[in-house]
Amino acid sequence: MSAIEKISDAILSGNAADAAGATLGAVESGTRPYDIIRDGVLNAWSDFCIWYERDEKESLKAWLGCFNATLKVLKILDERLAAPNPPYSVLVATALGEGHVLMKAIIATMLRSKGLKVYSTLRGLRPEDAGDALSDPALRFVVLSCIESGIQGPSKDFIKHVKEKRKDVMTIAGGPAAKDCGADVVTSDLEELDRIVGRPKDRGD
């Protein structure tokens, strides 16, 4: 089993200690954080979705453990992803009231692994909470994760605020509740998000 496969397996098993150990081993052996995110973390959650469709009850019992193991992996990677000269910055957020924060956390680390400065917190944001990011002249993108239908209003307000403050910034929204939030681009395809925001600095494709 490869180092990345061990990470994916540990996440699906809900074993944070094994996930941490596998991640540290992968990093020390030279595996790129970007690949750990794309081929380890995201593959694990793709498999989780298949498990959920097959056995909703049992998968939901395991969800918290998988979630915590994922956050452990992301924390280890984030601690090693300081970008001394980021080409630009990105705000990755959810609106206040959004309870689903996992994809936001994964995307934030994925973009940091591309050499970008990323503003992001686990808690949801009110429009006025985005002041630090919006005052950054290097900010080029705002990525909003919109999962819950009940917070469409706050998501619209957030996007509207960004557009009022920074007409030069592209807004991107993804998730089941993203359609009508007013973002410049609506996509739940991470490949498309990857193409829009930019290429990893150490890739030649």
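We count residues from 1, following the sequence as given. Quantities reported herein were computed from a predicted structural model and do not represent experimental measurements.
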Checklist entry - Under 3.5 Å, is there a donor-acceptor pair between the side chain of Ser8 and the main chain of Ile4? => result no
Checklist entry - Should Ile172 and Asp184 count as side-chain neighbours, where that means a heavy-atom distance under 4.5 Å? => result no
Item to check | More than 12 heavy atoms from other groups under 6.0 Å of NZ on Lys6 | outcome: no
Item to check | Set of ring pair (Phe, Tyr, Trp, His ring centres under 6.0 Å) partners for Phe141, sequence neighbours left out | outcome: Tyr88
Next on the checklist: Checking one residue: Ile147. Which other hydrophobic residues are in its cluster under the side-chain 4.5 Å linking rule?
Outcome noted: none
Checklist outcome for this item: On a heavy-atom basis, the closest approach of Cys146 and Ser155 is SG-OG, 3.8 Å
Item to check | All salt bridge (Lys or Arg N to Asp or Glu O under 4.0 Å) counterparts of Glu28, not counting sequence neighbours | outcome: none
Checklist entry - Who are the side-chain contact (heavy atoms from CB on, under 4.5 Å) partners of Ser46, not counting sequence neighbours? => result none
Next on the checklist: Does any part of the side chain of Ile37, heavy atoms only, come nearer than 4.5 Å to the side chain of Leu74, both counted from C-beta?
Outcome noted: yes
Checklist entry - Do Leu24 and Leu77 sit in the same hydrophobic cluster, where Ile, Leu, Val, Met, Phe, Trp and Tyr count as joined when their side-chain heavy atoms come under 4.5 Å apart? => result no
Item to check | Thr187 (side chain) donor-acceptor with Glu192 (main chain) under 3.5 angstrom | outcome: no
Checklist entry - With distance as the sole test, does Thr31 use its side chain to make a donor-acceptor pair with the main-chain N or O of Val27 at under 3.5 Å? => result no
Checklist outcome for this item: Nearest heavy-atom approach of Met103 to Ser145 is CB-OG, 4.4 Å
Item to check | Selection residues 122-138 - residue pairs positive for salt bridge (Lys or Arg N to Asp or Glu O under 4.0 Å), sequence neighbours left out | outcome: Arg123-Asp129, Arg126-Glu128, Arg126-Asp129
Checklist entry - Do the side chains of Thr171 and Lys163 get nearer than 4.5 Å, heavy atoms only? => result yes
Item to check | Minimum heavy-atom distance Ile11-Ala44, with the two atoms named | outcome: CG2-CB, 3.8 Å
Checklist entry - With Arg166, which residues qualify under salt bridge (Lys or Arg N to Asp or Glu O under 4.0 Å), at least two apart? => result Asp168
Checklist entry - Should side-chain heavy atoms under 4.5 Å link Ile, Leu, Val, Met, Phe, Trp and Tyr, which residues sit in the same cluster as Val186? => result none
Checklist entry - Is any side-chain heavy atom of Asp194 closer than 4.5 Å to a side-chain heavy atom of Tyr34? => result yes
Item to check | same_hphob_cluster(Leu64, Val41) at 4.5 Å side-chain heavy-atom cutoff | outcome: yes
Checklist entry - Do the non-hydrogen side-chain atoms of Met170 and Ile196 ever get within less than 4.5 Å of each other? => result yes
Checklist outcome for this item: residues 88-106 vs salt bridge (Lys or Arg N to Asp or Glu O under 4.0 Å), sequence neighbours excluded, gives none
Checklist entry - For Asp180, which residues count as a side chain to side chain donor-acceptor pair (under 3.5 Å) partner, sequence neighbours excluded? => result none
Item to check | Side chain to side chain, Asp39 and Glu5, heavy atoms closer than 4.5 Å | outcome: no
Next on the checklist: Any carboxylate oxygen within less than 4.0 angstrom of a Lys/Arg side-chain nitrogen, looking at Lys61 and Glu56?
Outcome noted: no
Checklist entry - If only atom types and distance count, is the side chain of Ser29 paired as donor or acceptor with the main-chain N or O of Ala26 below 3.5 Å? => result yes
Checklist outcome for this item: Joining Ile, Leu, Val, Met, Phe, Trp and Tyr whenever any side-chain heavy atoms lie under 4.5 Å apart, the cluster holding Leu96 also takes in none
Item to check | Side chains of Tyr52 and Asp47, donor plus acceptor under 3.5 Å | outcome: no
Item to check | For the student: nearest non-hydrogen atoms of Ala22 and Ala3, plus distance | outcome: CB-O, 4.4 Å
Next on the checklist: Parallel, tilted or perpendicular, judged at 30° and 60°: which one describes the rings of Phe67 and Trp63?
Outcome noted: parallel
Item to check | side-chain contact (heavy atoms from CB on, under 4.5 Å) partners of Glu53, counting only residues at least two apart | outcome: none
Checklist entry - Do the side chains of Arg112 and Pro33 get nearer than 4.5 Å, heavy atoms only? => result no
Item to check | Ile50-Trp45 co-clustered via ILVMFWY side chain contacts under 4.5 Å | outcome: no
Checklist entry - Lys75 versus Asp78: any side-chain heavy-atom pair under 4.5 Å? => result no
Checklist outcome for this item: Taking every heavy atom of Cys181 against every heavy atom of Ala173, the minimum-distance pair comes out as SG-CB, 3.4 Å
Checklist entry - Mind checking who shares a hydrophobic cluster with Ile159, ILVMFWY linked at side-chain heavy-atom distances under 4.5 Å? => result Leu91, Tyr119, Leu125, Leu134, Leu139, Val142, Leu144, Phe158, Val162, Val169
Checklist outcome for this item: Note: Ile76 and Arg80 closest approach over all heavy atoms is O-NH1, 3.0 Å
